[in-house]
Amino acid sequence: MLLASGLSVSLGRRPVLSDVAFEAQPGQITAIVGPNGSGKTTLLRMLTGDLAGQGAISLDGDTPATMAPRALAQRRAVLPQATAVGFPFTLREIVRMGHEAGHAAHRPGIVDEAVAEVGLSRKIDGFFHDMSGGEQARGHLARVRAQVWEPMRDGRPSWLFVDEPVAALDIGHQLQVMTLLRRFADAGGGVVAVMHDLNLTAMHADRMVLMDGGRIVAAGRPTEVMTDPLLSSAYRCRLCVNTAPPKGIWLLPQAAALA
Amino acid sequence: MATAAIAAAPATAVTAPRLKVGAVTAGLALILLTTAAASLSLGASGLLPWELFSRDLSPAERAILLDIRLPRLLLGALVGASLAVSGALMQGLFRNPLADPGLVGVGAGAGLGAVVAIVLGGLMPAAIHAATGMYLVPLFAFFGGWATTLILYRVASLRGQTSIATMLLAGIVLGALAGAATGVLVYLADDNQLRDLTFWGLGSLAGANWTKLAAAAPILIAGLALSPLLARGLNAMALGEGVARHLGVPVEGVKRGAILIVAAMTGASVAVSGGIGFVGIVVPHILRLAIGPDHRSLLPTAALFGAALLIAADTVSRLVVSPAELPIGIIMALIGAPVFLWILLARRATMEI
Ligand SMILES: Nc1ncnc2c1ncn2[C@@H]1O[C@H](COP(=O)(O)OP(=O)(O)O)[C@@H](O)[C@H]1O
Ligand SMILES: [Mg+2]
């Protein structure tokens with residue numbers, strides 16, 4: 001289990017997170033949502049140790065900050081919001097970097113499997129920078145998947161931290177990526193994802209964490225967080241949550257324009 | 001739940017044009033041996049390559065071979081390998097193919113260090129001389145290069161991202177500053193020291209002898225031998241420092257290691273052969289086109305290619321205006337400057353520089 005408490009950080013002398021407590025269970029997709037600038041990326045970067053600030057974080061009983069980098073890389077993989085590649089590597093070489101850093105480095109064939117999982121097999125030996133923005137995003141996802149290939153290892157969960165993994169993707173690939181994350185969680189892994197699309201999140205996440213102004217204003221099952229007052233207040237417009245048979249909830253985006 | 005099984009598009013596979021690393025390595029090794037044999041045998045005294053093995057040499061020929069050409073060959077190979085590997089390391093560190101110790105002022109900084117040692121060496125306490133011996137000049141060159149690289153990295157990198165414009169501009173400024181300081185020292189130098197200094201500006205292997213080789217070789221060999229340890233880290237750093245950290249790379253250690261090795265190799269090279277530019281740009285660039293940017297294969301092949309290139313350039317420099325010599329730095333600039341422009345133009349077409 002991922003447990004964090006008392007997370008506070010200031011960027012450029014402005015407090016961006018203040019006293020945030022966060023938890024995520026293995027076997028679940030925990031989605032962080034909230035309006036632009038509400039601190040989602042900042043929270044994720046605190047959780048992954050990219051930002052130094054105040055607070056305590058424990059990952060399945062260990063303190064990531066004091067773990068050896070290699071050991072930590074075998075337990076959890078992190079996909080930032082954007083990653084620029086500095087040299088003309090091929091997709092295979094990029095994904096191999098994840099594979100070799102991870103806990104299944106000795107097992108052959110994983111690079112091909114991870115690339116197949118995101119539907120890019122045809123481009124595996126092509127230049128990474130020749131792929132479209134959405135394909136590059138899926139390529140990086142394959143890299144972090146190859147790093148923590150086994151969702152459970154030695155009875156301990158592996159973790160994926162992903163910042164807006166579907167932001168650049170068409171609807172078909174959005175579903176593909178969410179299905180990939182779902183399978184990882186169903187097999188025992190932990191997923192913490194910053195998400196933008198509320199409908200997609202409601203459909204796939206086990207828990208939603210709603211942020212606003214550097215604080216968590218609601219957390220719980222999607223049905224608990226996706227309520228008219230909570231969303232309307234956080235996103236500062238009138239939003240109507242609807243339910244559709246047989247189950248599930250959906251948001252009518254046009255409602256925002258009526259506010 | 002939607003299964004999101006996306007049918008694979010029936011198009012053909014995409015493949016980046018790459019040569020086999022093994023074949024390229026073998027080819028470069030062969031070229032290195034050939035240029036080495038040519039360099040040993042060609043020259044003002046007109047020995048032919050095959051005569052090395054096919055007949056007994058006179059004492060004079062033997063002296064030319066063993067005391068002049070052999071140390072020069074070995075020094076050229078080590079300096080060429082070091083310059084090429086330094087370039088590759090620096091480019092990996094800055095995530096940019098245009099970073100080169102010679103271009104961004106590290107060579108000038110190392111030169112300043114060396115000139116300080118030559119001109120002000122006499123004023124230093126005897127203890128320093130006793131402790132450093134013949135390593136005084138390489139050591140000062142190392143400190144000069146090290147300080148410049150550190151300043152450069154501090155200026156050009158912010159939160160793990162490097163601005164190439166800032167890096168080149170900062171490099172120009174640091175190079176100018178080091179050049180000015182060097183100028184002041186040259187002004188202070190006496191005639192004897194001036195003779196030592198003249199050979200600097202041009203960049204040449206002409207002064208090679210066993211003593212210089214003995215002073216530089218341990219540093220250069222150590223740098224070459226240690227650099228592969230950084231390969232995996234530099235690969236990961238191509239995705240940014242943050243991602244490299246998540247890939248389990250001790251980023252600060254890799255950065256510090258790369259800066260130290262670049263400074264040591266540039267310092268030692270500059271100390272024995274002056275400033276020879278562009279090897280560090282040309283060699284890694286051509287190799288990245290041929291075999292790709294993976295530092296695990298790039299660093300060793302760069303060493304082979306750099307050694308062969310510098311030996312070849314040195315041989316040409318001894319032959320074209322024989323019996324006089326053209327400084328090797330001039331030849332490398334003639335080859336390297338167009339390649340640099342070519343990289344600039346190619347990058348301008350595809351991305352922001
Ligand atoms: N490096 C920075 N310096 C100053 N302010 C920052 C920095 N990074 C982010 N912020 C601010 O922190 C707030 C939260 O940012 P972020 O976590 O990226 O938001 P989001 O929820 O859209 O991911 C924003 O108001 C942003 O302007
Ligand atoms: Mg964000």
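By convention in this document, chain letters (A, B, ...) are assigned in the order of the sequence lines, proteins followed by strands, and residues within each chain are numbered from 1.
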Whether over 12 other heavy atoms sit under 6.0 Å from A:I171 CD1: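 Counting neighbours around CD1 of A:I171, 12 or fewer heavy atoms of other residues, nucleotides or ligands fall under 6.0 Å, so no.
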Enclosure of A:W149 CH2 (heavy-atom neighbours >12, cutoff 6.0 Å):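 Enclosed: over 12 neighbouring heavy atoms sit under 6.0 Å from CH2 of A:W149.
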Do [X] and [Y] have side chains that approach each other closer than 4.5 Å (heavy atoms only, starting at C-beta)?
| X | Y | answer |
| --- | --- | --- |
| A:P69 | B:V249 | no |
| B:V14 | A:F127 | no |
| A:F87 | B:Q91 | yes |
| A:T90 | B:R18 | yes |

Test item: A:R122 side-chain N/O and B:T12 main-chain N/O as donor-acceptor pair under 3.5 Å: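 Such a contact is found between A:R122 side chain and B:T12 backbone.
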N/O donor-acceptor pair under 3.5 Å between A:Q147 side chain and B:H246 backbone: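 Pair found, side chain donor or acceptor close to backbone of B:H246.
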Which answer fits [X], side chain, backbone, both or neither, if we ask what part of it has an atom under 4.5 Å from a heavy atom of chain B?
| X | result |
| --- | --- |
| A:T48 | both |
| A:R143 | side chain |
| A:P80 | side chain |
| A:I94 | side chain |

Interface residue of largest heavy-atom contact number with chain A, from B:L247, B:D294, B:V243, under 4.5 Å: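 So the answer, after comparing B:L247, B:D294, B:V243, is B:L247.
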Approximate separation, where rounding is to 0.5 Å, of B:T15 OG1 and A:K123 NZ: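 Those atoms lie 12.0 Å apart.
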Between NE2 on residue A:H140 and CG on residue B:L239, distance to nearest 0.5 Å: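 Here the interatomic distance stands at 6.0 Å.
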Option in A:V85, A:L91, A:I124 with maximal non-hydrogen atom pairs under 4.5 Å from chain B: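 Option with the greatest count: A:V85.
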Closest non-hydrogen atom pair, A:R70 against B:G248: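 Answer, listing the atom of A:R70 first, then B:G248: CG-O, 3.6 Å.
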